[in-house]
Structure formats: C-alpha cells, structure tokens
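The block underneath contains the structure these notes are about, expressed in structure tokens.
Computed from a predicted structure; not experimentally measured. A, B, ... follow the sequence lines: proteins, then strands. Residue 1 opens every chain. Computation of the quantities below employed the complete heavy-atom set of this structure, encompassing side-chain atoms and omitting hydrogens, waters and symmetry-equivalent molecules.
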Number of protein chains: 2
Amino acid sequence: MDSKRYTIQDIAREAKVGVGTVSRVLNNDPNVKEATRLKVKQVIKRLGYQPSFTARSLRTQKSQTIGFIADNVATTPFAVNLIKGAQDAARRHGKLLLIVDAGNDPQLRERALKSMLEREVEGIVYAAMFHQEVVLSAEFRSVPTVLVDCYTRDKSHPSSVPDEVQGGKDATEELIKNKHKRIAIILNSELSSPHPAAKGRYQGYCEALEEANIELDPKLVRTGDGDSALSFKITLELMSLAKPPTAIFCCTDRMAMGTYDALKSLGLSIPQDVSIIGFDNQEVIAEQLHPPLSTMALPHEKMGRWSIDYLLDKSQTSTEQHVFPCPLIKRASIKDLGA
Amino acid sequence: MDSKRYTIQDIAREAKVGVGTVSRVLNNDPNVKEATRLKVKQVIKRLGYQPSFTARSLRTQKSQTIGFIADNVATTPFAVNLIKGAQDAARRHGKLLLIVDAGNDPQLRERALKSMLEREVEGIVYAAMFHQEVVLSAEFRSVPTVLVDCYTRDKSHPSSVPDEVQGGKDATEELIKNKHKRIAIILNSELSSPHPAAKGRYQGYCEALEEANIELDPKLVRTGDGDSALSFKITLELMSLAKPPTAIFCCTDRMAMGTYDALKSLGLSIPQDVSIIGFDNQEVIAEQLHPPLSTMALPHEKMGRWSIDYLLDKSQTSTEQHVFPCPLIKRASIKDLGA
DNA sequence: TTTATAGTTGGAATCGATTCCAAAAATGAA
DNA sequence: TTCATTTTTGGAATCGATTCCAACTATAAA
C-alpha cells in the first residue's frame with residue numbers, strides 16, 4: 001500500500017542540509033536563505049514527504065486536537081448541526097476534532113474522557129442533545145472544558161444554551177404582530193420538569209402576551225409531551241372550546257405535526273382558519289408539512305462554533321453561561337388577521 | 001488548571017523500579033512479579049499518572065485513530081447513525097475516530113485527507129450521505145480506505161451500500177402478503193438519474209409483482225422528487241384513477257407525508273382505505289405520522305460498524321462491494337385485506 | 001553446595017519531529 | 001584588508017513512551 005515514509009533526516013540528507021534547516025523550512029521560519037528554502041521544498045515535494053504529526057506533538061506538547069463528547073448523537077437530528085459548527089470552527093483554527101458519542105452512559109463518558117486525556121487534547125467540548133442540566137466528574141476539571149446545550153448546577157464550566165425565553169416570546173409576538181389575540185400554547189413537557197425548554201418558552205409566551213396587554217387564558221395553555229399523538233388530541237379539545245384559539249404555538253415541530261393533522265381532520269385549513277408556529281426548526285418536518293411550518297430555530301450550529309472559539313480563546317476564563325437567540329424561520333403557517 | 005503531568009520516569013523513580021518495568025506494568029506484560037506490579041500500580045494511581053498517547057504512538061508507529069470523512073453530515077439525519085455505528089466499532093477496537101465533515105467540497109476533502117495522513121491514521125472511512133457514486137483522488141490509495149453508502153466506478157476501494165433492490169422487493173412483498181394487488185409506487189427520482197436508489201427500489205417492486213403474478217400497471221408507477229409536495233399531487237391523481245390503488249409504496253418517508261396528507265384531504269383513512277409503506281425509516285416522520293408509518297430502514301448504523309471492522313481486519317484485502325439488507329420496520333400503516 | 005534454568009529487572013537505544021547553541025558564512029564599515 | 005555584526009546553518013539534546021538485551025535473582029535438580 002504505502003511505500004516507505006520519509007523522515008526529516010531523509011530530506012536533510014537528500015537536500016544536503018541539516019535537519020534544523022528542514023524543520024525551519026517546514027515551519028516557515030524566516031531565517032532561511034531563499035535559495036536553501038527552495039532547494040528543500042523541492043526535495044520535500046519530490047519525495048512526497050509528510051511530516052509526522054505525532055513526533056511534532058510529542059516535542060511541542062501540542063496535540064492540535066480537541067475532544068468532542070456528545071451525549072447521544074443518534075437520538076436527534078440536531079447533533080449534526082452542532083458537529084458541523086464545531087467542525088467549521090476547528091478547521092479555521094487548524095485543529096481536528098476527536099468525536100465520541102458517549103450514548104448517555106456516564107461510564108462511557110468517563111472512558112471517552114480518559115482516552116482523550118491520554119491523547120492530550122487541548123480542550124473538550126461536552127455537548128448534550130437537548131437543553132438540560134448535567135453533572136460531570138471532577139476529572140473534567142483537569143482540561144479546559146466547555147458545555148453546549150447544557151450546564152452544571154454549580155456553573156463550574158462555561159456553557160452555551162439556547163435562549164428559550166426569547167424564543168418563546170418572539171414566537172408569540174410573531175402571532176400577535178399578525179393580529180392574533182386568542183393564542184394557545186402546547187408545552188412540550190410539564191412546567192415542573194427539570195428541563196428548561198418548556199419553562200422558558202412558556203415564560204416568553206407570558207411576557208409577550210403581557211406586553212401586548214392580552215389577558216392570559218388558562219384554558220389555552222396545555223401541556224403535551226413533545227410528540228404528535230398527544231398534540232393531536234389536545235388540538236381537538238382546544239378547537240372545541242367555546243372560544244377556540246385563532247393561533248396555536250406548538251413548542252415542538254413534532255407536536256405541530258399532530259396539530260396539523262387534527263386541524264385538517266376537523267376540515268379546518270392552515271393558516272386560513274388557524275395559524276400555527278412551531279419550535280425547533282426540524283427541517284424534515286417543517287419543510288415537508290403542508291403548508292410549510294413557520295418555527296423558531298435552535299442555534300445549534302452557532303453554539304457548536306462558539307464552543308470551539310471560546311475554548312481556544314486563551315483570554316477567556318470566565319465560566320458564565322452564554323445564551324444564544326433562537327431565530328424565527330418564516331414559512332407559510334401564519335395568517336395575518338389584520339390584512 | 002492541570003498540575004504537572006507525570007512521566008513514566010517519575011513513576012519509575014517513585015516506585016524505585018526501572019522505566020522498563022513501569023512500561024511492562026502499563027502494557028500488562030506477564031513477566032512482572034506480582035508484588036512489583038502492585039507497587040507500580042499504586043504509584044500510578046496515587047500520582048494520577050496518564051500515559052502519553054503521543055509518545056506511545058511515536059514509538060509504536062500506531063496512531064490508534066481512524067479518519068472518518070463525511071460528505072455532508074448536516075444535510076441528513078442519517079449521518080448520526082453512520083457515525084454511531086462507526087463509533088461503536090471503533091471503541092470496541094480501542095480506536096478513536098477523527099471525524100471531519102467535508103461538506104461536499106472536493107477541496108475540503110483533500111485537506112481533510114492531508115491532515116489525517118499527517119496524523120498517521122490507520123485507515124480512512126469515507127461516507128456519503130446517500131447512495132451514490134463518488135470519485136476520489138489517487139491520494140486515497142496511500143492509506144487503507146473504505147467507502148460507505150457510496151462506491152467508485154472502478155471499484156478501487158471496498159464499499160458498503162444498502163440493498164435497494166431487496167428493500168424495494170420486501171416492501172412490495174409486505175403489501176402483497178397483506179393481499180394487496182393494486183400497488184402504486186412513487187419513485188424518489190427519475191429512473192434515469194445516476195442515483196441507484198430509485199432504480200433499485202423500482203427493480204425490487206417489479207420483481208415482487210412478477211413473482212406474485214401480478215401484472216404491472218404502468219398507471220400505478222409515478223415518479224416524484226423525494227419531497228412531500230409533489231407526492232401530495234401524485235397521490236391525488238392516483239386516487240382519481242378509474243381503478244385506484246389499495247396500497248402505495250412511497251420510496252421516501254418524506255413523500256409518505258405528502259401521501260398521508262392527500263389521502264386525508266380526500267376523506268380517506270389510513271390504513272382502512274389505503275395502505276402505505278415508506279422507505280428510509282426517518283424516525284421523526286415515521287413515528288410521528290398518524291398512524292405510524294411502516295417503512296424500510298436504511299442500514300446506516302450497520303454500514304458504519306462494518307466499515308471500521310472491515311478496515312481493521314487485516315486479512316481482508318478485496319475491494320468488493322458489500323450490500324446490506326434494509327429491514328422492514330412494521331408500524332401501523334398497512335391493512336391486511338385478507339382478514 | 002553447585003549448576004542449570006526460568007523468571008525478573010534495569011536502562012540504553014529508538015521513534016521523528018523541534019529547539020537551541022555554537023559555528024560558519026555573508027555583509028558592512030572602517 | 002580587517003574586524004564587527006548579522007544572517008544562516010548544522011547537529012546534539014529533547015519530548016515520553018516501548019523494546020530489547022544483558023544482568024541479576026530465585027528455584028529446582030544433581
């Protein structure tokens with residue numbers, strides 16, 4: 001398969017210079033005579049020499065790699081955006097990513113951490129697949145670590161999370177801007193659950209209503225489970241209210257699927273009869289739904305990018321939580337009642 | 001942050017043994033007296049010593065890492081299964097994965113390959129996000145490379161692809177087994193397109209009909225574009241046929257969404273009036289659809305796993321194409337007409 | 001007790017780069 | 001031409017593990 005690998009010694013001998021000079025050429029050290037540099041470069045090219053990263057790392061004590069531990073990539077399609085963002089940023093910095101899926105198993109996570117420490121990664125990004133609290137072993141303190149889409153109770157590591165409140169508020173405001181006043185919300189989990197998503201989005205919903213002087217009707221706030229089936233049922237109930245909503249804010253695109261279904265089964269059309277806004281911007285759903293669903297996007301790619309940039313920015317040492325806005329993706333599921 | 005890193009010398013000194021002995025303990029060499037082994041292990045534990053992977057790699061000339069170049073992870077949710085499978089297999093072999101998303105850009109791909117060669121990866125997995133032909137630069141021949149979900153025209157590398165024909169055939173047979181005779185198929189792309197998916201699935205459809213002695217009705221084979229909107233239209237047309245189908249095979253779960261929608265808009269119910277089978281097992285869709293969609297799964301996780309296993313199996317040297325079956329995932333969108 | 005054998009152990013050499021210091025070469029000033 | 005200074009160069013030492021050989025110790029057999 002591969003012919004013999006050349007070393008810096010081979011190049012030095014072939015170019016009739018010292019190894020130091022070759023190294024200098026490799027590293028673009030300015031203290032090399034132009035003629036010499038050329039000569040060396042030619043030999044390098046001719047032999048197709050590839051420097052050994054391993055040897056370099058050993059000597060310089062820099063691995064140029066960053067560990068990326070993901071909580072459970074296979075469960076959600078969001079993982080890819082996170083990885084893509086991190087990946088892009090890493091490339092810009094000339095680093096490579098060592099990715100491992102710890103599959104939500106704390107033991108696997110520790111093992112992953114261990115093999116990364118062995119490889120002397122320059123830092124670690126720990127990414128959860130949905131906004132949640134995590135507890136990390138003390139070992140994570142032995143290397144710079146940043147958290148994505150999660151946080152530790154004691155705020156021991158810098159973290160990045162989506163701005164659920166702003167997302168919920170903007171979603172609701174979009175509906176209000178289109179002159180909706182009876183706006184239902186289907187939450188994605190119990191308000192009492194430990195996950196910040198439902199709580200934050202609901203808070204945003206309340207704030208938006210309040211600022212618009214719309215009274216909150218408790219009949220219009222329902223709690224689902226994130227899936228379409230329950231949302232279907234809830235939507236049916238919502239529409240059989242004496243004063244049904246003109247718009248529904250589904251805290252999950254998956255739930256919006258159920259809502260679409262329920263509305264259509266009632267012979268109602270979207271958005272003529274009822275407007276819908278989702279949350280998550282899960283492309284497969286939002287784009288394929290008929291009509292395409294307006295929804296709030298989760299800033300996964302941005303958070304992934306940020307995590308690497310932040311990790312490599314030596315000047316940063318705080319462990320604060322960075323909050324990323326969720327942008328509105330307008331499609332066609334909202335009708336302007338004022339028009 | 002991290003206190004000083006200990007080296008094997010520190011351990012040797014502290015345990016009052018030679019470095020060779022420490023190394024032997026580290027590598028579970030049987031030729032060490034039990035008492036000595038214990039003594040050394042204690043020191044290792046006490047100091048929290050982590051061997052340097054870099055130094056080890058340099059000496060043993062084994063990087064214990066495998067490069068994973070993905071074509072464009074962000075475009076499809078399937079990437080995660082591929083990564084998960086590869087990841088699992090790599091862990092079993094004690095290897096780590098260096099993952100880069102080359103985003104469909106040949107230049108990025110070459111750069112990724114180069115940084116991986118520098119890091120002396122033991123092999124490379126090149127994964128496409130849907131079954132297709134790819135052309136790789138000659139440089140990929142300098143390191144063992146295996147292809148996933150794609151192939152080169154000249155079959156220069158071993159590759160793994162899903163068995164589209166079997167998938168199409170099994171899907172159709174499932175419908176036939178449930179006593180359907182008028183089975184429509186909505187293809188996911190032109191039969192003339194270079195992508196093997198539509199062609200293979202269609203071939204499987206034909207074979208299944210033939211074996212069951214059902215005559216193929218050209219009116220029942222339509223070509224979509226993979227998305228729901230067009231499938232919606234096609235389904236409407238299909239159902240207005242003089243003799244409409246009792247079952248529809250959608251070559252994409254996304255298209256099944258459109259078909260569901262169309263059927264419901266006609267007041268038809270699934271599966272009582274029309275049975276549906278999809279393809280891809282895109283969980284977000286198949287599980288959230290109402291009723292849940294029976295569909296053929298793409299063997300991404302298996303292919304990912306295989307790619308690593310095959311790469312590390314030194315005995316293998318062939319470059320044949322390995323075909324992976326697409327299993328049927330039964331849910332609730334098919335009615336048994338015989339019952 | 002001596003000798004042969006098997007079991008342990010220490011440590012120099014090694015992997016392939018970078019780094020640093022001293023030496024050599026080039027340049028400029030007098 | 002000489003001397004001082006700057007630029008360029010060669011190569012030994014280094015990073016932290018593994019490997020291998022020689023030396024040492026323990027055990028068994030004679």
Original post:
Base, sugar-phosphate alone, or nothing: which one does S52(A) contact when heavy atoms must sit under 4.0 Å apart?
Top reply: sugar-phosphate

**OP:** Indicate whether OP1 or OP2 belonging to dC15(D) is found under 4.0 Å from a side-chain N or O atom of Q9(B).
**Re:** no

**OP:** Using atom CZ of F53(A) as one end and atom C1' of dA17(C) as the other, report the distance to the nearest whole Å.
**Re:** 11 Å

**OP:** Describe, as an angle rounded to 10 degrees, how the axis at the first end of the helix from dT1(C)-dA30(D) to dA30(C)-dT1(D) is tilted relative to the axis at the last end, five pairs per end.
**Re:** 40°

**OP:** Could you verify whether a donor N or O on one side chain and an acceptor N or O on the other, from T152(A) and E133(A), lie under 3.5 Å apart?
**Re:** no

**OP:** Calculate the interatomic distance between I11(B) atom CD1 and dA17(D) atom C1'; express it in whole Å.
**Re:** 13 Å

Original post:
Separation of L58(A) atom CG from dT14(C) atom P, in whole Å?
Top reply: 17 Å

**OP:** With heavy atoms under 4.0 Å as the rule, sort T60(B) into base, sugar-phosphate or nothing.
**Re:** sugar-phosphate

Original post:
Are R46(A) and E14(A) ion-paired here, with the side-chain N under 4.0 Å from a carboxylate O?
Top reply: yes

Original post:
Is a side-chain N or O of S57(A) found less than 3.5 angstrom from the main chain of Q61(A), in a donor-acceptor match?
Top reply: no

**OP:** Check the distance between dT14(D)'s C1' and R5(B)'s CZ and give it to me in whole angstrom.
**Re:** 17 Å

Original post:
Would you say R5(A) and Q50(A) make side-chain contact, with heavy atoms under 4.5 Å?
Top reply: yes

**OP:** Step through the shown structure and confirm whether more than 12 heavy atoms of other residues, nucleotides or ligands are within 6.0 Å of NZ on K155(B).
**Re:** yes

**OP:** Would you kindly give the CG-to-C1' distance between L117(A) and dG16(D), to the nearest whole Å?
**Re:** 17 Å

Subject >> Between dA17(C) (C1') and R56(B) (CZ): distance, integer Å >> reply: 20 Å

**OP:** Rounded to the nearest angstrom, tell me the gap between atom NZ in K39(A) and atom C1' in dT8(D).
**Re:** 12 Å

**OP:** Report the distance from atom CG of N27(B) to atom C1' of dC20(D), rounded to the nearest whole Å.
**Re:** 14 Å

Subject >> Base versus backbone protein contacts along nucleotides 6-13 of chain C [heavy-atom cut-off under 4.0 Å; B, S, -] >> reply: --SBBBBB

Original post:
Is the H322(A) to Y310(A) ring centre distance short of 6.0 Å?
Top reply: yes

Original post:
Between the side chains of T54(B) and E120(A), does any donor sit under 3.5 Å from an acceptor?
Top reply: yes

Original post:
Is there a side-chain polar atom (N or O) of Q61(B) under 4.0 Å from OP1 or OP2 of dT14(C)?
Top reply: no

**OP:** Considering non-hydrogen atoms only, spot the tightest contact between I83(B) and I83(A) and give its length.
**Re:** CD1-CD1, 4.4 Å

Original post:
Between K84(A) and D88(A), is there a side-chain N and carboxylate O pair less than 4.0 Å apart?
Top reply: yes

Subject >> N/O (side chain, Y6(A)) to phosphate O (OP1/OP2, dA17(C)) under 4.0 Å >> reply: no

**OP:** State whether T7(A) places a side-chain N or O below 4.0 Å from either non-bridging phosphate oxygen (OP1 or OP2) of dG16(C).
**Re:** no

